[in-house]
**Student:** 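The structure under discussion is supplied below as structure tokens; questions concerning it will follow.
Counting starts at 1 for both ligands and their atoms, in listed order. Scope of the values below: all heavy atoms of this structure, side chains included, with no hydrogens, waters or symmetry mates. Computed from a predicted model, the values in this text were never measured in an experiment.
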Amino acid sequence: MDSEIRLVVDGTPHSLSVDTRTTLLDALRERLQVTSPKKGCDHGQCGTCTVLLEGRRHLTCLALAVAHDGAEIVTAAGLGEGEGEEQGELHPMQRSFLEHDGYQCGYCTPGQVCSAVGMLEEARQGHPSHVTGDLTADVDLDDAEIRERMSGNLCRCGAYPGILAAVRQAAGR
Ligand code: FES
Ligand code: FES
């Protein structure tokens with residue numbers, strides 16, 4: 001069974017008809033040719049398909065497209081300033097990844113960057129993680145917190161030291 005949905009992706013509105021079993025990841029990649037979110041495990045295990053969905057990080061391989069009719073999605077490709085061909089200014093998180101070599105092959109990088117941006121906002125809002133000690137204080141994004149909060153994003157190249165340094169810098173530490 002097909003269903004008509006609308007998605008706003010990196011500021012561009014789209015209308016499309018999808019089979020109700022289509023994941024958001026497949027709708028983005030296969031139907032809209034938005035290839036910034038990558039397919040790794042397709043089972044919610046690697047984080048490489050992460051986007052910002054209504055401002056929060058989300059695994060698109062575990063989401064059904066029909067469940068997000070009308071949603072606003074930002075991929076790593078849409079994080080910077082400007083739109084379309086005008087887009088030239090990198091997001092501070094992207095710059096930080098560049099400065100700290102937070103990647104090797106780059107396959108996991110769009111998901112890492114989106115996850116890191118979402119994670120900083122979660123911490124700013126005071127959401128605790130598994131390693132947060134004092135639940136009454138502001139979140140202190142030390143290395144243990146960053147590692148824990150980014151643990152859903154795997155990197156087969158093992159670029160973790162650079163990723164940690166990049167997120168640390170973007171977190172203002
Ligand atoms: Fe979505 Fe791996 S492809 S978590
Ligand atoms: Fe290659 Fe992370 S940079 S998988």
**Student:** Is it true that atom CG of Asp138 has more than 12 heavy atoms of other residues, nucleotides or ligands lying nearer than 6.0 Å?
**Tutor:** no

**Student:** Answer yes or no for Cys108: is there an N/O/S atom below the 2.8 Å cut-off from atom 2 (Fe) of ligand 2?
**Tutor:** yes

**Student:** Side chain or backbone of Ala159 under 4.0 Å from ligand 2, or both, or neither, by non-hydrogen atoms?
**Tutor:** neither

**Student:** Answer yes if the side chains of Ser15 and Glu4 hold a donor-acceptor pair under 3.5 Å, and no otherwise.
**Tutor:** no

**Student:** Short list, please: which atoms of ligand 1 are under 4.0 Å from a heavy atom of Asp42?
**Tutor:** 2 (Fe), 3 (S)

**Student:** With a 4.0 Å cut-off on N to O distance, would you call Glu72 and Arg6 a salt bridge?
**Tutor:** no

**Student:** For Arg124, which of Glu122, Glu121, His127 qualifies under side chain to side chain donor-acceptor pair (under 3.5 Å)?
**Tutor:** Glu121

**Student:** So, Asp142 and Arg168, do they make that salt bridge, N to O below 4.0 Å?
**Tutor:** no

**Student:** Donor-acceptor pair, Ser151 side chain versus Glu148 backbone, under 3.5 Å?
**Tutor:** yes

**Student:** Heavy-atom contacts with Gly106 under 4.0 Å: which atoms of ligand 2 show up? List them by number with element.
**Tutor:** 1 (Fe), 3 (S)

**Student:** Is it true that some N/O/S atom of Cys41, main chain or side chain, lies under 2.8 Å from atom 2 (Fe) of ligand 1?
**Tutor:** yes

**Student:** Give me the residue, atom name and distance of the protein heavy atom closest to atom 4 (S) of ligand 2.
**Tutor:** Arg156 N, 3.3 Å

**Student:** Check whether any N, O or S atom of Cys61, backbone or side chain, sits closer than 2.8 Å to atom 2 (Fe) of ligand 1.
**Tutor:** no

**Student:** What's the shortest distance from atom 3 (S) of ligand 2 to any protein heavy atom, and which residue and atom give it?
**Tutor:** Gln104 N, 3.1 Å

**Student:** So if I count the atoms of ligand 1 from 1 in the order they appear, which ones are less than 4.0 Å from some heavy atom of Gln45?
**Tutor:** 4 (S)

**Student:** Is Cys155 close enough to atom 2 (Fe) of ligand 2 that one of its N, O or S atoms comes in under 2.8 Å?
**Tutor:** yes

**Student:** Pairing donors with acceptors under 3.5 angstrom, does anything connect the side chains of Arg57 and Thr50?
**Tutor:** no

